[in-house]
K.L.:
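Mind looking over this structure? Questions follow.
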Amino acid sequence: MKTPRLPIALQQDVMRSLRHFLQLASERLARTFDEPLLTYQQRGTAAGTAWLDKWEIRLNPLLLQENPRAFVEEVVPHELAHLLVWKIHGRVPPHGKEWKWMMESVLGVPARRTHTFALTSVRTNTFPYRCDCQQHQLTVRRHNRVVRGESEYRCVHCGMRLQPGEFTAR
């Protein structure tokens, strides 16, 4: 899949946001941090990811174009918080108390774990799977892993191994 060309003004807005929150963290934590590498290579339904060892933030260009304000105000600080927490605390749970503190107390942004963006533009084909309590949709990658016998997936609610097919209420 080819990455779409992002308008320069949008890239500049994202960079301004990154630098603003980085400066805020530096002031409030009384230490300096290098500017992370910012790329637009995130694919799938994730808005962004923080690559800790590479000190890099990857953003989803399709979702960015569809939700520019939310990216500037929420996604950029969300991913930056992961990097800052890693730099200060090392490996801790990704959305644990340290990350929540970083988001709310240091960066001044509500600590939300996931986004609520429309995903029709980035959603790929899915395959229906079922358990005892509900219908699930597995991505092509997960479905292929099941077919090859490399993985199995379980429902987080009932614990049953997911089976191919449509759910029918009992």
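Just so it is clear, the values below take in all heavy atoms, side chains as well, and ignore hydrogens, waters and symmetry mates. Worth saying up front: this structure is predicted, and the values here are computed from it rather than measured.
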K.L.:
To the nearest 0.5 Å, how far apart are NZ in Lys54 and OG1 in Thr39?
P.N.:
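Taking NZ in Lys54 and OG1 in Thr39, the distance rounds to 9.0 Å.
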
K.L.:
Are side-chain N/O atoms of Thr49 and Glu79 paired as donor and acceptor at under 3.5 Å?
P.N.:
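Thr49 vs Glu79: no donor-acceptor pair found between side chains.
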
K.L.:
Looking only at heavy atoms, which two atoms of Gly165 and Gln135 are closest? And how far apart?
P.N.:
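Gly165 and Gln135 have their closest heavy atoms at O-NE2, 3.6 Å.
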
K.L.:
Kindly give the heavy-atom pair with the smallest separation between Val85 and Met102, and that separation in Å.
P.N.:
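For Val85 versus Met102, the nearest heavy atoms are CG2-CB, 3.7 Å.
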
K.L.:
Looking at CD of Glu56 and CG of Leu83, how far apart are the two atoms once the value is rounded to the nearest 0.5 Å?
P.N.:
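Glu56 CD to Leu83 CG: 9.5 Å, rounded to 0.5 Å.
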
K.L.:
Main chain of Ala46, side chain of Asn60: is a donor-acceptor contact present, judged purely on distance under 3.5 Å?
P.N.:
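It does hold such a pair.
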
K.L.:
For Trp51, I'd like to know if atom CH2 has over 12 heavy atoms of other residues, nucleotides or ligands within 6.0 Å.
P.N.:
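Open: at most 12 neighbouring heavy atoms sit under 6.0 Å from CH2 of Trp51.
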
K.L.:
I'd like to know whether His136 forms a ring-ring contact (aromatic ring centres under 6.0 Å, His included) with His157, so could you lay out the CA-CA distance, the side-chain angles of the two residues, the decisive distance to 0.1 Å, and finally the verdict.
P.N.:
CA-CA 12 Å; His136 300 269; His157 300 290; 7.9 Å; no

K.L.:
So among His95, Arg113, Glu73, which one has a side-chain hydrogen bond (donor to acceptor under 3.5 Å, both in side chains) with His78?
P.N.:
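For His78, the side-chain hydrogen bond (donor to acceptor under 3.5 Å, both in side chains) test succeeds with only one of His95, Arg113, Glu73, which is His95.
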
K.L.:
Nearest 0.5 Å please: distance from the CG atom of Leu107 over to the CZ atom of Phe21.
P.N.:
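If we round to the nearest 0.5 Å, Leu107:CG and Phe21:CZ are 6.5 Å apart.
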
K.L.:
Do the non-hydrogen side-chain atoms of Trp55 and Leu37 ever get within less than 4.5 Å of each other?
P.N.:
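No, their side chains stay 4.5 Å or more apart.
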
K.L.:
Do His20 and Val76 come within less than 4.5 Å of each other through their side chains, counting heavy atoms only?
P.N.:
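The answer is no; the side chains never approach within 4.5 Å.
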
K.L.:
Does some side-chain heavy atom of Ile88 sit less than 4.5 Å from a side-chain heavy atom of Leu29?
P.N.:
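A side-chain contact exists here, since the closest heavy-atom pair is under 4.5 Å.
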
K.L.:
So that I can tick it off, tell me whether Lys100 and Glu98 are bridged by a salt bridge, with the cut-off set at under 4.0 angstrom between side-chain N and carboxylate O.
P.N.:
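No.
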
K.L.:
Testing the basics here: between Pro77 and Phe71, what is the closest heavy-atom pair and its distance to 0.1 Å?
P.N.:
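Between these two residues, the closest heavy atoms are CD-O, 4.2 Å.
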
K.L.:
Check Trp99 against Ala111 and note the closest heavy-atom contact, atom names and distance.
P.N.:
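So the minimum-distance heavy-atom pair works out to CZ3-CB, 3.7 Å.
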
K.L.:
Trp101 side chain to Val106 main-chain N or O, any donor-acceptor pair under 3.5 Å?
P.N.:
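Absent.
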
K.L.:
Can Tyr129 and His143 be said to form a side-chain hydrogen bond (donor to acceptor under 3.5 Å, both in side chains), step by step?
P.N.:
CA-CA 9 Å; Tyr129 277 70; His143 169 71; 2.8 Å; yes

K.L.:
Flag yes if Tyr153 and Val147 sit in one hydrophobic cluster, no otherwise; membership is Ile, Leu, Val, Met, Phe, Trp, Tyr, and two members link when side-chain heavy atoms are under 4.5 Å apart.
P.N.:
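No; Val147 is not reachable from Tyr153 via cluster members.
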
K.L.:
Evaluate the side chain to side chain contact (heavy atoms under 4.5 Å, CB included) criterion for residues Arg154 and Met160: first the C-alpha distance (whole Å), next the side-chain angles of each, then the deciding distance (0.1 Å), finally the verdict.
P.N.:
CA-CA 5 Å; Arg154 296 188 174 274; Met160 180 185 168; 5.6 Å; no

K.L.:
Going by an N to O cut-off under 4.0 Å, is there a salt bridge joining Asp53 and Arg91?
P.N.:
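So Asp53 pairs with Arg91 through a salt bridge.
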
K.L.:
Counting only heavy atoms from other residues, nucleotides and ligands, does the tally under 6.0 Å from CZ of Arg148 exceed 12?
P.N.:
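Check passes, neighbour count above 12.
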
K.L.:
With the side chain counted from C-beta on, respond yes when Pro36 and Leu22 share a heavy-atom pair under 4.5 Å apart, and no when they do not.
P.N.:
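SC-SC contact between Pro36 and Leu22 confirmed.
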
K.L.:
Between CG of Leu63 and CZ of Arg43, what distance do you get to the nearest 0.5 Å?
P.N.:
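Result: 13.5 Å between the selected atoms.
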
K.L.:
Compile the donor-acceptor pairs under 3.5 Å between side chains in residues 10-19 and protein atoms, sequence neighbours left out, one pair per line.
P.N.:
{"unit_1": "Gln11", "atom_1": "NE2", "unit_2": "Leu6", "atom_2": "O", "d": "3.0"}
{"unit_1": "Asp13", "atom_1": "OD1", "unit_2": "Arg16", "atom_2": "NH2", "d": "2.5"}
{"unit_1": "Ser17", "atom_1": "OG", "unit_2": "Val72", "atom_2": "O", "d": "2.6"}
{"unit_1": "Arg19", "atom_1": "NE", "unit_2": "Glu35", "atom_2": "OE1", "d": "2.7"}
{"unit_1": "Arg19", "atom_1": "NH2", "unit_2": "Glu35", "atom_2": "OE2", "d": "3.4"}

K.L.:
Given side chains that start at C-beta, do those of Gln137 and Phe127 come closer than 4.5 Å, heavy atoms only?
P.N.:
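Result no, sub-4.5 Å side-chain heavy-atom pair not found.
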
K.L.:
State, with a plain yes or no, whether a side-chain heavy atom of Cys155 is found less than 4.5 Å away from one of Cys133.
P.N.:
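Counting from C-beta outward, Cys155 and Cys133 do come under 4.5 Å.
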
K.L.:
For Met103 and His82, run side chain to side chain contact (heavy atoms under 4.5 Å, CB included): C-alpha distance rounded to whole Å, both residues' side-chain angles, the deciding distance at 0.1 Å, then the answer.
P.N.:
CA-CA 9 Å; Met103 284 291 288; His82 286 300; over 6 Å; no

K.L.:
Rounded to the nearest 0.5 Å, how far apart are CZ of Arg28 and CG of Leu84?
P.N.:
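Rounded to the nearest 0.5 Å, the CZ-CG separation comes out at 12.5 Å.
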
K.L.:
Please confirm whether the backbone N or O of Arg130 pairs with a side-chain atom of Gln163, one donor and one acceptor, at under 3.5 Å?
P.N.:
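Checking the backbone N and O of Arg130 against the side chain of Gln163, no donor-acceptor pair under 3.5 Å is found.
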
